Amino acid sequence: MKPDAVRAFIARLAEINPEPKTELEFVNAYTLLVAVALSAQATDVGVNRATRPLFALVDTPQKMLALGEEKLRDYIKTIGLFNTKAKNVMALSQILVDRHGGEVPEDREALEALPGVGRKTANVVLNVAFGQSTMAVDTHIFRLGNRTGIAPGKTTLAVELGLLKRLPPEYLRDSHHWLILHGRYICKARKPDCNRCPVYEPCNFPDKARYRTA
DNA sequence: ATCCCGAGGG
DNA sequence: CCCTCTGGAT
């Protein structure tokens, strides 16, 4: 996609949703970190359903350690990969207490050193909790990067770097939300809703006409 | 059967 | 690169 089309694409999404926000529920940087760590291969709706009662009681790593892995597992049983996630959240909470004064570190290296926290999760925390213009590439953004032609790439890292390079800087920080929401509700994996698409014009999806039926 | 705000291990 | 972990929704 040409630079002008990329700008038109993102500017249109910005126009529709001037103040985009995360649909994951959280009350502070720690609960955001936990929520994102729990979101692998799960829907936001499913994660929120599990974390709502949890975060009402547990909103610090100290409280998580006091809760214990068994009880945490009960809270997140309905989310996929719950066993690994429960272990990771406990281990990560212990590290926050031991090495970071119970706070969520504000740098990528320290975040990615936490168990269960990779580049994508670190990027979300840096962006949402600390205001950095990172681009967290999840399943939706990876699909959109390739499907629309904004930033094609074989890996999530390639798509991330492509987006960082091609998106206008002033739109960078919020683009994470615009793209993810567009992917979730319009440019869906199975049946992209090209009829309701606000960026049909600049989009380079080869099959877009085929999905505009009614 | 496929997808959902992935990460870690081999 | 591949595989595994995993319940819930469609």
Side-chain angles (χ1 to χ4, degrees), chain A residues 13 17 20-27 29-55 69-70 72-93 95 104 108-130 132-148 150-151 153-161 163-164 167 172-193 211:
Chain A
L13 294 183
N17 188 4
K21 61 180 195 311
T22 312
E23 294 194 331
L24 277 176
E25 296 173 10
F26 63 99
V27 297
Y30 173 69
T31 49
L32 171 67
L33 172 63
V34 173
V36 180
L38 294 177
S39 71
Q41 297 300 295
T43 60
D44 273 12
V45 175
V47 173
N48 289 338
R49 190 170 41 213
T51 58
R52 205 169 296 129
L54 173 65
F55 292 163
E69 187 175 327
E70 300 304 317
L72 171 59
R73 205 197 316 274
D74 289 336
Y75 277 102
I76 66 174
K77 275 278 191 198
T78 55
I79 308 177
L81 316 179
F82 61 87
N83 215 339
T84 315
K85 288 172 180 175
K87 283 189 201 310
N88 285 338
V89 168
M90 295 311 294
L92 144 184
S93 298
I95 293 173
V104 176
R108 174 183 303 286
E109 272 59 51
L111 285 169
E112 291 190 17
L114 299 170
V117 179
R119 188 175 182 88
K120 182 260 174 176
T121 300
N123 277 333
V124 174
V125 172
L126 290 172
N127 183 319
V128 176
F130 300 123
Q132 297 187 27
S133 293
T134 57
M135 255 306 311
V137 178
D138 75 322
T139 182
H140 296 296
I141 299 185
F142 180 74
R143 179 178 67 253
L144 291 205
N146 284 288
R147 181 185 279 173
T148 67
I150 291 182
K154 300 188 193 76
T155 66
T156 54
L157 181 59
V159 171
E160 176 186 335
L161 298 179
L163 288 170
L164 289 174
L167 288 171
L172 212 42
R173 188 188 168 193
D174 285 332
S175 289
H176 163 67
H177 300 299
W178 288 321
L179 293 174
I180 204 167
L181 292 171
H182 181 57
R184 182 175 299 160
Y185 298 113
I186 304 288
C187 199
K188 300 172 291 183
R190 287 169 178 162
K191 263 175 57 73
D193 202 349
Y211 284 99

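Throughout, protein chains are lettered first and strands after them, A, B, ... in sequence-line order, and every chain is numbered starting at 1. The structure displayed is predicted, hence computed values, not measured ones.
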In whole Å, what is the span from the [atom1] atom of [X] to the [atom2] atom of [N]?
{"X": "A/Lys188", "N": "B/dC5", "atom1": "NZ", "atom2": "P", "answer": "13 Å"}
{"X": "A/Leu92", "N": "B/dG6", "atom1": "CG", "atom2": "P", "answer": "17 Å"}
{"X": "A/Lys154", "N": "C/dC1", "atom1": "NZ", "atom2": "C1'", "answer": "13 Å"}
{"X": "A/Met135", "N": "B/dC5", "atom1": "CE", "atom2": "C1'", "answer": "11 Å"}
{"X": "A/Lys87", "N": "B/dG8", "atom1": "NZ", "atom2": "P", "answer": "15 Å"}
{"X": "A/Ile141", "N": "B/dC5", "atom1": "CD1", "atom2": "P", "answer": "11 Å"}
{"X": "A/His176", "N": "B/dC5", "atom1": "NE2", "atom2": "C1'", "answer": "6 Å"}
{"X": "A/Leu157", "N": "B/dG6", "atom1": "CG", "atom2": "C1'", "answer": "14 Å"}

Closest contact, heavy atoms only, [X] versus [Y]:
{"X": "A/Thr78", "Y": "A/Ala50", "answer": "OG1-CB, 4.3 Å"}
{"X": "A/His176", "Y": "A/Ala136", "answer": "ND1-O, 3.4 Å"}
{"X": "A/Glu25", "Y": "A/Asn48", "answer": "N-OD1, 2.8 Å"}
{"X": "A/Ala151", "Y": "A/Val159", "answer": "O-CG2, 3.6 Å"}
{"X": "A/Leu32", "Y": "A/Val125", "answer": "CD2-CA, 4.1 Å"}

Identify which one of A/Thr121, A/Asn123, A/Val124, A/Val104 satisfies the side chain to side chain contact (heavy atoms under 4.5 Å, CB included) criterion when paired with A/Leu111.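 When A/Thr121, A/Asn123, A/Val124, A/Val104 are each tested with A/Leu111, the side chain to side chain contact (heavy atoms under 4.5 Å, CB included) holds only for A/Val104.
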
Quickly, which of A/Leu172, A/Asn127, A/Leu167 forms a side chain to side chain contact (heavy atoms under 4.5 Å, CB included) with A/Ser133? Name it, please.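 Answer to the side chain to side chain contact (heavy atoms under 4.5 Å, CB included) test with A/Ser133 among A/Leu172, A/Asn127, A/Leu167: A/Leu172.
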
For [N] and [X] - does any side-chain N or O of the residue sit under 4.0 Å from the phosphate oxygens OP1/OP2?
{"X": "A/Thr139", "N": "B/dC4", "value": "yes"}
{"X": "A/Arg119", "N": "B/dG6", "value": "no"}
{"X": "A/His140", "N": "B/dC4", "value": "yes"}
{"X": "A/Thr121", "N": "B/dA7", "value": "yes"}

Check every strand shown and say whether [X] touches a base, only sugar-phosphate, or nothing at a heavy-atom separation below 4.0 Å.
{"X": "A/Val117", "result": "sugar-phosphate"}
{"X": "A/Leu114", "result": "sugar-phosphate"}
{"X": "A/Gly46", "result": "nothing"}

Kindly compute the distance separating CD (A/Glu23) from OG1 (A/Thr43), expressed to the nearest 0.5 Å.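 Going from CD on A/Glu23 over to OG1 on A/Thr43, the span is 10.5 Å.
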
If I pick the C1' atom on C/dT6 and the same atom on B/dA1, what distance separates them, to the nearest angstrom?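 About 16 Å, rounded to a whole number of Å.
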
Roughly how far apart, to the nearest Å, are B/dC5 and C/dT10 at atom P?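 The same atom, P, in both gives a distance of 12 Å.
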
Protein proximity profile, nucleotides 5-10 of chain C - base contact B, sugar-phosphate-only contact S, no contact -, cut-off 4.0 Å on heavy atoms: BBBSSB

Could you say whether A/His177 or A/Glu112 is positioned toward the 5' end of DNA chain B, judged by the nucleotide with the nearest heavy atom to each?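 Going by which nucleotide is closer to the 5' end, it is A/His177.
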
